[in-house]
Enquirer: 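Here it is, the structure, as structure tokens.
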Amino acid sequence: MSSDNQTAQEALTFADLGLSPKVLSAVTDAGYTKPTPIQAGAIPHALQGKDILGIAQTGTGKTAAFVLPMITRLEKGRARARMPRTLILEPTRELAAQVEENFVKYGKNHKLNIALLIGGVSFDEQEKKLERGADVLIATPGRLLDHRERGKLLLTGVEILVIDEADRMLDMGFIPDIERICEMIPFTRQTLFFSATMPPEITKLTEKFLQAPVRVEVAKAATTAATVTQRLVKSGSKAWDKRETLRRIIREEEPEIKNAIIFCNRKVDVAELYRSLTRHEFDAGALHGDMDQRARMAMLAAFREGKLKLLVASDVAARGLDIPDVSHVFNYDIPIHSEDYVHRIGRTGRAGRSGKAFTIVTKADQKYLDAIEKLTGQKLEWHDGDLSTVVASAEDDSPRRSRGGKPERASRSRTGEKRERGRSGKLPSEPARMEKYVPDEAMETAPVAEMPGAAMPGAARAERSEPAPRPREEHKPQPARNDNRPRRDEEHRPRREDRPRRRDDDLDDGTIGFGDDMPAFMKVSAKV
DNA sequence: AAAAAAT
């Protein structure tokens with residue numbers, strides 16, 4: 001690129017990119033005037049119908065770089081039944097929903113039919129939208145193929161195809177699906193392809209499916225931002241020991257914590273740690289892929305809106321998700337793959353702000369620590385002494401010893417069955433004392449976001465003396481489950497009167513189907 | 001010693 005262009009680009013505003021007036025006005029309303037580098041680089045070419053190879057990470061404004069030109073181009077022509085005009089493929093459900101939000105925001109002056117095809121949600125609503133004719137189809141690969149096999153979807157009318165986060169699709173084993181899907185779409189289409197990195201498999205894919213693409217690359221964010229203070233925290237390796245270490249660090253950091261993500265390597269540990277933290281009256285929520293879709297969305301929304309201070313999460317939350325800058329990242333588990341460390345840490349210290357990242361390390365973690373230090377090329381500092389200073393008793397002591405808090409027996413039911421959350425990944429429980437705030441009926445029918453154990457943990461609600469959720473004026477007596485899977489945990493459940501006085505069972509029952517409580521983001525199909 | 005995604 002010539003230096004003339006470079007200078008010109010710095011002075012660019014959205015008005016210079018060739019977007020339609022209606023799109024421009026939505027952008028202005030959203031408060032943006034100056035495009036990011038990826039937007040300035042990609043939008044003019046995308047408007048000309050060229051294929052784009054965008055190499056950019058999240059947080060660079062990548063989504064708007066394809067959403068804005070797409071809406072402009074969609075102004076001509078209209079959708080036919082079962083033949084979507086554009087298709088955007090995303091690796092995760094949350095990302096797909098996020099892209100939908102962008103279409104709603106920037107398409108507010110248009111009558112766009114938007115269909116979101118993701119798993120974990122009933123087919124009916126999605127099929128109706130397809131039937132009506134979708135201008136914009138946003139999908140995760142599995143559900144998209146499922147719809148196609150049911151014959152409800154023809155991809156022969158797709159004019160623009162977007163493949164987002166291609167390298168992540170690769171990590172998740174989606175590449176064969178992506179290839180299948182690409183082959184169903186006529187080659188006269190325009191293809192916009194985005195990836196944060198370009199491993200060989202991805203390069204091959206671009207060679208196969210892009211035609212004379214314009215390559216737009218934006219500077220990689222520094223691997224681990226210089227503004228992030230990273231510290232290692234030694235701990236005994238028992239789970240209770242790690243939880244105690246975590247609580248200690250959180251309390252130490254408390255005055256500085258605006259909001260934080262706590263990463264665990266495994267979903268069961270997310271659920272368990274979440275229960276433990278709420279029991280210790282921390283303002284925490286949970287997010288992992290086995291939670292039902294509503295709960296996932298509700299948690300994310302609550303965290304984004306600042307209603308939750310701590311989010312315990314699996315690596316779903318490590319990449320891509322549009323979570324605002326957090327002040328702290330805690331790695332309750334050290335990541336097994338060192339790249340994940342970089343992604344997790346990347347959730348803080350964005351846009352030049354300062355952030356802190358603490359990683360709990362046990363003796364068994366040494367090799368993963370070595371890998372991280374090798375990858376980032378820096379030696380990480382210990383917060384208060386390295387592993388050689390871990391107290392020996394911490395390793396062999398009984399986990400049931402007294403240590404100030406309540407015994408952490410949450411993972412066992414009365415029958416001794418381990419209360420693991422299966423595929424359906426129910427929400428973890430909340431403190432029993434919440435019962436006095438919440439009438440049973442409300443628990444059965446309130447949306448997850450209003451449930452104390454979900455978006456607003458009991459401690460937080462009590463402190464802020466907010467009113468308990470009221471029963472909904474109108475509700476279906478028995479919200480339907482959105483799938484027919486058998487309840488795996490049903491046979492193990494104690495009878496109602498035998499159950500401990502915790503409300504997580506009610507959460508299970510009340511939150512699976514959508515009933516009348518379908519979140520707004522899933523209803524959107526037309527102009528807003 | 002993992003997570004994610006169709007069921």
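All values derive from a computational prediction rather than experimental measurement. Here is how names work: the chains are called A, B, and so on, in the same order as the sequence lines, proteins then strands, and each is numbered from 1.
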Enquirer: When you measure from the side-chain N and O atoms of Arg143(A) to the phosphate of dT7(B), is any distance below 4.0 Å, counting only OP1 and OP2?
Expert: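 So the side chain of Arg143(A) is within the cut-off, an N or O lying under 4.0 Å from OP1 or OP2 of dT7(B).
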Enquirer: Take atom CD of Glu94(A) and atom P of dA3(B), then tell me their distance rounded to the nearest Å.
Expert: 15 Å
Enquirer: Among dA2(B), dT7(B), dA4(B), which nucleotide sits nearest the side chain of Arg93(A)?
Expert: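 Closest nucleotide to the Arg93(A) side chain: dT7(B).
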Enquirer: Let me confirm one number: the CD1-OG1 distance from Ile52(A) to Thr206(A), rounded to the nearest 0.5 Å.
Expert: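 Those atoms lie 13.5 Å apart.
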Enquirer: Heavy atoms under 4.0 Å, any strand shown: does Asp333(A) hit a base, just sugar-phosphate, or nothing?
Expert: nothing
Enquirer: With heavy-atom distances below 4.5 Å as the criterion, would you say the side chains of Lys374(A) and Ser338(A) are in contact?
Expert: no
Enquirer: Kindly point out which of dA6(B), dA3(B), dA2(B) is positioned nearest to the side chain of Asp146(A)?
Expert: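 Shortest atom-to-atom distance from the side chain points to dA6(B).
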Enquirer: Side-chain N or O of Lys367(A) less than 4.0 angstrom from OP1 or OP2 on dA1(B)?
Expert: no
Enquirer: Measure from the side-chain N and O atoms of Ser327(A) to the backbone N and O of Ile257(A), and report whether any donor-acceptor pair falls under 3.5 Å.
Expert: no
Enquirer: Look at all strands and tell whether Arg150(A) reaches a base, only sugar-phosphate, or nothing, counting heavy atoms closer than 4.0 Å.
Expert: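 No contact.
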Enquirer: Grab the CE-C1' distance between Met169(A) and dA6(B) for me, whole Å please.
Expert: 15 Å
Enquirer: Starting at atom CG of Asp315(A), determine the distance to atom P of dA4(B), rounded to an integer number of angstrom.
Expert: 8 Å
Enquirer: Can you figure out which of dA5(B), dA4(B), dA1(B) approaches the side chain of Tyr368(A) most closely?
Expert: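 The closest nucleotide is dA1(B).
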Enquirer: Can you tell me how far C1' of dA4(B) sits from CE of Met172(A), to the nearest Å?
Expert: 3 Å
Enquirer: Under 3.5 Å, is there a donor on one side chain and an acceptor on the other for Gln366(A) and Asp370(A)?
Expert: yes
Enquirer: Quick one: Tyr341(A) OH to dA1(B) P, roughly how many Å, whole number?
Expert: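 Taking OH of Tyr341(A) and P of dA1(B), I get 24 Å after rounding.
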Enquirer: Does Thr92(A) have a side-chain nitrogen or oxygen under 4.0 Å from the phosphate oxygens OP1 or OP2 of dA5(B)?
Expert: no
Enquirer: Does His337(A) contact dA2(B) through a side-chain donor or acceptor facing the base, at a distance under 3.5 Å?
Expert: yes
Enquirer: Contact class for Asp365(A) vs. all strands (heavy atom < 4.0 Å): base, sugar-phosphate, or nothing?
Expert: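 Touches a base.
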Enquirer: Quick one: is Arg296(A) getting a side-chain N or O under 4.0 Å of the dA5(B) phosphate, OP1 or OP2?
Expert: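 Looking at the OP1 and OP2 atoms of dA5(B), one of them is under 4.0 Å from a side-chain N or O of Arg296(A).
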Enquirer: Quickly work out the Gln293(A) CD to dA4(B) P distance and round it to whole Å.
Expert: 11 Å
Enquirer: Considering just the side-chain nitrogens and oxygens of Thr140(A), establish if one lies under 4.0 Å of OP1 or OP2 belonging to dA6(B).
Expert: yes
Enquirer: Using modelled atom types and a 3.5 Å cut-off, is there a donor and acceptor pairing between side-chain atoms of Thr359(A) and backbone atoms of Leu232(A)?
Expert: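 The answer is no, because no donor-acceptor pair under 3.5 Å joins these two groups.
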Enquirer: Would you kindly give the CZ-to-P distance between Phe263(A) and dA3(B), to the nearest whole Å?
Expert: 14 Å
Enquirer: Measure CD1/Ile118(A) against P/dA5(B) and give the value in whole Å, please.
Expert: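 Distance check: Ile118(A) CD1 to dA5(B) P gives 9 Å.
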